[in-house]
Amino acid sequence: MNKKGDGAELLRYNIIFFALEALVFIIMFVWIVGFQDNIALKEDFYSKELTRIIDSAVEGKEASFLVTELVEQADSNKVQRSDIFTFDNVNNRVTVKLSPRSGTSFGFFKDVNVIYLGIEPGTEEDKGPLTGDVSDELFVKFIVAESEEPQNE
Amino acid sequence: MNKRGSGEEIMFFGFFVILALIILGIVWGVAAMNARKYDFRLVEAQLLADHVLPCFKEKDFFRGEFNFFDECKVNENMFDSHLIHVENVNSGEVFFVGVLDYINQCEISGNNRNFPQCVTFITNSGGNQFRFTAGANQKSARGIIQ
């Protein structure tokens with residue numbers, strides 16, 4: 001009977017068990033943390049709501065949408081503010097990006113050019129149905145212009 | 001005979017079965033709670049109808065050389081997931097752009113998220129009655145963006 005050999009085999013099995021267990025739980029942890037802040041759902045929601053504004057906007061007028069919470073989350077995820085929103089006038093898509101490596105996009109059916117103005121503090125014009133001071137809030141602003149030559153923003 | 005060795009191998013298999021069951025349970029639970037998306041299909045179908053209807057009232061969709069996309073300012077690339085269907089109730093004449101099968105799919109869609117949602121209504125134009133349908137089934141695209 002080779003007791004020494006049995007012990008080494010047992011140790012080998014235990015090391016493999018431990019390594020696999022650790023690997024699986026690291027993968028699970030990363031995956032679940034991804035859901036923690038509802039990043040996918042928020043990107044989906046904001047890309048669709050911006051599409052709603054574009055598809056129902058009066059051409060030539062400036063549009064704005066309250067995005068304070070979204071921008072704060074993007075800041076905490078180290079996403080540059082200039083990268084959060086992308087308006088692609090060639091493929092007619094709005095993209096919202098809340099994590100450094102991924103984003104969600106949704107298409108608008110109207111043949112228009114969206115001119116992105118940036119993320120700016122709110123003014124009285126942005127107030128709409130909101131009450132109180134909106135100067136502390138952040139709004140994404142853009143102009144829905146008549147389509148001429150497609151241009152990327 | 002190495003009885004201990006055989007037992008270890010059986011445990012190895014059992015370990016994976018248990019691990020797989022636990023992982024499947026967690027994945028299913030988390031996905032069920034979080035993987036739902038914001039359902040925008042009906043809103044989009046209504047927006048499309050609101051945009052196209054004034055154009056329909058103004059222009060003759062049934063004219064041979066009528067270019068829907070240019071004249072109604074709608075992007076052609078989007079119409080692999082949308083439908084505009086106009087049927088003359090009196091003559092049966094039909095105009096459509098997009099996925100024609102949405103007419104059937106909308107009838108049976110219910111709460112199924114894979115099927116399109118449509119808005120259908122009757123409208124009058126030039127003394128004729130038309131059944132106007134707008135459908136949408138666009139999915140948002142999530143992916144890696146550098």
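Below, each value reflects all heavy atoms present in this structure, side chains not excepted, and no hydrogens, waters or symmetry copies. Below, chain A is the first sequence line, B the second, and so on; all start at residue 1.
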- Query: Of the backbone (N, CA, C, O) and the side chain (C-beta and beyond), which part of B:Glu44 lies under 4.5 Å from a heavy atom of chain A, both, or neither?
  - Reply: both
- Message: Tell me if a side-chain donor or acceptor on B:Gln138 pairs with a main-chain N or O of A:Phe106 at a distance below 3.5 Å.
- Response: no
- Message: Taking A:Phe17 as the starting point, is it possible to reach A:Phe25 by hopping between hydrophobic residues whose side chains are less than 4.5 Å apart?
- Response: yes
- Message: Are B:Val99 and B:Val119 connected into the same hydrophobic cluster when the rule is that any two of I, L, V, M, F, W, Y join if their side-chain heavy atoms are below 4.5 Å apart?
- Response: no
- Message: With a 4.5 angstrom heavy-atom cut-off, is it the side chain or the backbone of B:Leu48 that approaches chain A, or both, or neither?
- Response: both
- Message: How long is the straight-line distance from OG of B:Ser140 back to CZ of A:Arg93, given to the nearest 0.5 Å?
- Response: 8.5 Å
- In terms of heavy-atom pairs under 4.5 Å with chain A, which of B:Asp50, B:Ile26, B:Val27, B:Ile22 leads? B:Val27
- Query: Are A:Leu50 and B:Leu42 in one and the same hydrophobic cluster, where Ile, Leu, Val, Met, Phe, Trp and Tyr link if side-chain heavy atoms are under 4.5 Å apart?
  - Reply: no
- So among A:Glu43, A:Lys48, A:Glu49, which one has a side chain to side chain donor-acceptor pair (under 3.5 Å) with B:Tyr38? A:Glu49
- Item | Closest non-hydrogen atom pair between B:Asn77 and A:Val90, with its separation | ND2-O, 4.4 Å
- Message: So, taking the atom named CG in A:Asp44 and the one named NZ in B:Lys139, what distance separates them when rounded to the nearest 0.5 Å?
- Response: 11.5 Å
- Message: Please list all pairs meeting ring pair (Phe, Tyr, Trp, His ring centres under 6.0 Å) that have one or both residues in residues 97-123 of chain B, counting only residues at least two apart or in different chains.
- Response: B:Phe121-B:Phe132
- Side-chain contact test, heavy atoms from C-beta onward, threshold under 4.5 Å: evaluate it for A:Asp111 versus B:Val74 and give yes or no. no
- Message: Please check if the number of heavy atoms outside A:Glu69 that lie under 6.0 Å from its CD is greater than 12.
- Response: no
- Return the set of residues passing ring pair (Phe, Tyr, Trp, His ring centres under 6.0 Å) with B:His51 (not counting sequence neighbours), or none when no residue passes. A:Phe109
- Are B:Leu83 and B:Phe95 joined in one hydrophobic group, where the rule is that I, L, V, M, F, W and Y side chains link up if heavy atoms are under 4.5 Å apart? no
- Which bit of B:Val43 comes within less than 4.5 Å of chain A, counting heavy atoms only: side chain, backbone, both or neither? side chain
- Item | Other residues, nucleotides, ligands: >12 heavy atoms within 6.0 Å of A:Glu125 CD | no
- Item | Test item: B:Leu47 and A:Arg52 side chains (from C-beta on) under 4.5 Å apart, heavy atoms | yes
